[in-house]
Amino acid sequence: MQKILVETLEAKSGENIVTLDLKNRGGLADMFVLVTGNSETHMKTLTEAAQEAIEKSGLTCRLEGAQSVNWRLIDAGDLVVHVFSHKGRDFYRLERLWEE
């Protein structure tokens, strides 16, 4: 699923795509996928494409923050996708948080 999701986001020109393997960290999910969009419209496109890819793989998901201009979260259980604006990515800095 991770590979398909990354390819889907790349096809929609998602920026700075990062996957974080959290399996052995006792977190809420096994995998985070982070991606940045250039605009609110681009974030919406990335969110919709990610949801479609997840659902095609047979997983169910739910969306948090659909109206947010900085951060949207797609929760598919052990897989969580974070769609950020540039401002949101800089503010939340999830890569740095989970690296520590």
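The structure displayed is predicted, hence computed values, not measured ones.
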Inset, instruction - Indicate yes or no: does Glu95 engage Arg89 in a salt bridge with an N to O separation below 4.0 Å. - result: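 Looking at Glu95 and Arg89, the cut-off is met.
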Inset, instruction - Could you tell me whether Asp75 and Arg62 have a side-chain N and a carboxylate O separated by less than 4.0 Å? - result: yes
Legend entry - Among Ile17, Thr19, Leu79, Val35, side chain to side chain contact (heavy atoms under 4.5 Å, CB included) partner for Leu5: Leu79
Legend entry - Worked check of salt bridge (charged side-chain N to carboxylate O under 4.0 Å, His left out) between Glu40 and Lys44: CA-CA 6 Å; Glu40 191 171 343; Lys44 182 177 185 219; over 6 Å; no
Linking I/L/V/M/F/W/Y whenever their side-chain heavy atoms sit closer than 4.5 Å, directly or via other members, would [X] and [Y] fall into one cluster?
{"X": "Leu63", "Y": "Met1", "answer": "yes"}
{"X": "Leu59", "Y": "Val83", "answer": "yes"}
{"X": "Leu9", "Y": "Leu20", "answer": "no"}
{"X": "Val80", "Y": "Ile54", "answer": "no"}
{"X": "Val81", "Y": "Leu22", "answer": "no"}

Legend entry - Side-chain donor/acceptor of Asn16 to backbone N/O of Val18, under 3.5 Å: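 Such a contact is absent between Asn16 side chain and Val18 backbone.
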Output the distance between atom [atom1] ([X]) and atom [atom2] ([Y]), rounded to the nearest 0.5 Å.
{"X": "Glu55", "Y": "Gln51", "atom1": "CD", "atom2": "CD", "answer": "6.0 Å"}
{"X": "Glu64", "Y": "His82", "atom1": "CD", "atom2": "NE2", "answer": "11.5 Å"}
{"X": "Thr47", "Y": "His42", "atom1": "OG1", "atom2": "NE2", "answer": "10.0 Å"}
{"X": "Met43", "Y": "Glu48", "atom1": "CE", "atom2": "CD", "answer": "12.0 Å"}
{"X": "Cys61", "Y": "Glu52", "atom1": "SG", "atom2": "CD", "answer": "10.5 Å"}
{"X": "Phe32", "Y": "Leu73", "atom1": "CZ", "atom2": "CG", "answer": "7.5 Å"}

Legend entry - Glu7 vs Lys3 side-chain heavy atoms within contact, under 4.5 Å: yes
Inset, instruction - Can you see which heavy atom on Thr8 is nearest to which on Ala53, and at what distance? - result: OG1-CB, 3.8 Å
Inset, instruction - Mind listing the closest non-hydrogen atom pair of Gly65 and Arg72 along with its distance? - result: O-CG, 3.2 Å
Legend entry - Short side-chain donor-acceptor distance under 3.5 Å, His86 and Glu15: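 Yes, because at least one side-chain N or O of Glu15 sits under 3.5 Å from a partner of the opposite role on His86.
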Inset, instruction - Return yes if a side-chain donor-acceptor contact under 3.5 Å exists between Ser85 and Asn70, otherwise no. - result: yes
Legend entry - Ring geometry between Tyr92 and Trp71 (parallel below 30°, tilted from 30 to 60°, perpendicular above 60°):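 It falls in the tilted class, 30° to 60°.
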